[in-house]
Amino acid sequence: MNKDQLVEEVARSSGFSKKNAEKAVTHVLDSIFAALKQGKEVKLVGFGKFDVRSREARRGISSKTGEEVELPAGKVPIFTAGVDLKKALNQD
């Protein structure tokens, strides 16, 4: 599902206009982005947790050339699924 499909699903299931659903989805995603950028974690009970972790510099292999390259240190987003999401995915 891409963002446009998510907007359509939110509009359909909530009764919002597509324009209002687009605003809602955009504001939610922007809020998550801003919190992560500030180093905060975002917990959505039952769904999961978004967090930021630091990754140290390391050596990697270029997929194009096969040569070793230095990968700089940086921050990476992490998502951990919540209990309810895990249960929903494993129901038959």
**Q.** V10 with L29, same ILVMFWY side-chain cluster at under 4.5 Å
**A.** yes
Q.
The test is side-chain contact (heavy atoms from CB on, under 4.5 Å); show your working for F79 and F47 and say whether it passes.
A. CA-CA 10 Å; F79 176 74; F47 181 73; 3.8 Å; yes
Q) Any chance NZ of K3 has more than 12 other-residue heavy atoms, nucleotides or ligands included, within less than 6.0 Å? A) yes
Q. Can you get from L44 to L89 by hopping between Ile, Leu, Val, Met, Phe, Trp and Tyr side chains that sit under 4.5 Å apart?
A. yes
(Q) Under the criterion side-chain contact (heavy atoms from CB on, under 4.5 Å), I'd like the reasoning laid out for R53 against K75: C-alpha separation, chi angles, the key distance, then a yes or no. (A) CA-CA 6 Å; R53 294 197 186 141; K75 295 179 182 178; over 6 Å; no
Q) Is there a donor-acceptor pair closer than 3.5 Å between any side-chain N or O of Q5 and the backbone N or O of N2? A) yes
**Q.** Verify same cluster id: V45, V83 (apolar side-chain graph, 4.5 Å)
**A.** no
Q.
Please tell me whether L85 and L6 are part of a single hydrophobic cluster in this structure, the criterion being side-chain heavy atoms less than 4.5 Å apart.
A. no
Q. What are the two closest heavy atoms between G66 and I61, and how far apart are they?
A. O-CG2, 3.5 Å
Q | Atom pair NZ/CD of K49 and E41 - distance to nearest 0.5 Å | A | 4.5 Å
**Q.** F50, CZ: over 12 other non-hydrogen atoms inside 6.0 angstrom
**A.** yes
(Q) Rounded at 0.5 Å granularity, tell me how far NZ in K43 sits from CG in D51. (A) 9.0 Å
Q) Taking NZ, NE, NH1 and NH2 as the nitrogens, is one of them in K19 or E22 under 4.0 Å from a carboxylate oxygen of the other? A) no
**Q.** Nearest heavy-atom neighbours spanning A35 and V42
**A.** CB-CG2, 3.6 Å
Q. Minimum heavy-atom separation for G46 to D84, with atom names?
A. O-CB, 3.2 Å
Q) Rounded to the nearest 0.5 Å, how far apart are NZ of K37 and CG of D30? A) 11.0 Å
Q: Any chance you could measure S13, atom OG, to E8, atom CD, to the nearest 0.5 Å?
A: 11.5 Å
Q. Between I32 and V52, is there a shared hydrophobic cluster once you connect ILVMFWY residues whose side-chain heavy atoms come closer than 4.5 Å?
A. yes
